[in-house]
Amino acid sequence: MRERRNNICVCVFMLLYCMACNNANSPSNPAKIYSDTTYKMTNPQNTSRGKELFEAKCIACHGVDGNYKNNNAADLSVTVIDSISIINIIKNGKGAMPMFGSLFPDPDLAQIELYVKTLRK
Ligand code: HEC
């Protein structure tokens with residue numbers, strides 16, 4: 001009986017721990033991510049990592065050139081939104097675009113954001 005109670009304690013503890021973890025990741029502040037990472041990159045011109053991630057996660061809707069417009073995706077070759085808004089949309093989603101939450105570590109997010117801007121004509 002005592003053992004079962006201990007198991008319940010462990011479960012409750014783990015549940016609380018998981019919730020705390022999620023909270024630690026969730027204060028998604030796009031402006032902070034942008035200022036923390038983008039300007040600190042040694043070579044912001046090199047967006048090969050951003051390209052790789054974009055081609056893995058984004059082209060299904062946006063296409064390699066950003067203008068595929070599948071699922072009514074915004075045309076990234078003509079978009080004019082600023083960097084912080086781009087980061088915000090990737091993290092939190094918009095309309096039919098899914099949120100990517102904390103899937104991308106901040107430096108990767110900054111790389112994708114830089115790459116998205118290279119798609120503009
Ligand atoms: C399931 C399809 C889908 C995927 C996958 C997707 N998007 Fe989108 N995206 C959309 C749609 C739809 C919109 C338009 C949202 C709206 O305005 O309602 C959009 C809008 C955007 C915008 C805003 C453009 C503007 O000018 O308003 C950006 C930036 C963007 N996506 C970047 C990305 C990036 C980067 C990825 C990959 C990490 C990605 N998207 C993955 C569907 C998608």
Side-chain angles (χ1 to χ4, degrees):
M1 188 59 196
R2 172 176 274 261
E3 201 171 306
R4 186 179 292 169
R5 197 174 294 152
N6 280 346
N7 283 343
I8 292 171
C9 282
V10 169
C11 283
V12 170
F13 175 76
M14 283 170 69
L15 187 71
L16 291 174
Y17 183 75
C18 287
M19 286 162 71
C21 273
N22 280 340
N23 282 344
N25 286 335
S26 71
S28 55
N29 182 340
K32 188 165 186 313
I33 293 169
Y34 183 66
S35 61
D36 281 358
T37 55
T38 307
Y39 292 118
K40 282 188 196 141
M41 281 181 196
T42 43
N43 184 2
Q45 271 71 44
N46 179 1
T47 53
S48 58
R49 173 81 180 141
K51 183 178 198 299
E52 183 188 317
L53 292 167
F54 186 84
E55 289 181 354
K57 300 289 179 193
C58 318
I59 61 169
C61 300
H62 291 286
V64 261
D65 298 321
N67 58 4
Y68 182 44
K69 295 189 260 187
N70 193 24
N71 292 317
N72 284 326
D75 184 345
L76 301 180
S77 71
V78 297
T79 176
V80 291
I81 60 171
D82 63 43
S83 303
I84 293 166
S85 306
I86 295 174
I87 292 176
N88 190 26
I89 290 172
I90 298 171
K91 278 191 92 69
N92 301 314
K94 188 183 177 197
M97 176 163 158
M99 58 176 278
F100 288 87
S102 44
L103 177 75
F104 304 114
D106 293 352
D108 283 352
L109 204 50
Q111 274 275 311
I112 298 172
E113 178 271 317
L114 287 169
Y115 183 70
V116 163
K117 286 192 291 187
T118 68
L119 298 171
R120 295 177 183 179
K121 298 221 171 79

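Every number for a ligand or one of its atoms is a count from 1 in the order of the listing. Quick note: numbers below take in every heavy atom, side chains included, and nothing from hydrogens, waters or symmetry partners. Predicted model, so just to flag it, every value in this text is computed and none were measured.
- Annotation: side chain to side chain donor-acceptor pair (under 3.5 Å) contacts involving residues 46-64, sequence neighbours excluded, comprise Asn46-Ser48, Arg49-Glu52, Arg49-Asp108, Lys51-Glu55.
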Please tabulate protein-ligand N/O pairs under 3.5 Å for ligand 1, atom names and distances to 0.1 Å.
unit_1	atom_1	unit_2	atom_2	d
ligand 1	7 (N)	His62	NE2	2.8
ligand 1	9 (N)	His62	NE2	2.9
ligand 1	17 (O)	Lys94	NZ	3.4
ligand 1	26 (O)	Thr79	OG1	2.3
ligand 1	31 (N)	His62	NE2	2.9
ligand 1	40 (N)	His62	NE2	2.7

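- Counting only distance, with no hydrogens or angles, the side chain of Asn71 and the backbone of Ala73 share no donor-acceptor pair below 3.5 Å.
- No side-chain heavy atom of Met97 sits under 4.5 Å from any side-chain heavy atom of Cys61.
- At least one donor-acceptor pair under 3.5 Å links the side chain of Thr118 to the backbone N or O of Tyr115.
- Under the 3.5 Å distance criterion, with hydrogens and angles disregarded, a donor-acceptor pair is assigned to the side chains of Ser85 and Asp82.
- The closest donor-acceptor contact from the side chain of Asn70 to the backbone of Ala60 lies under 3.5 Å.
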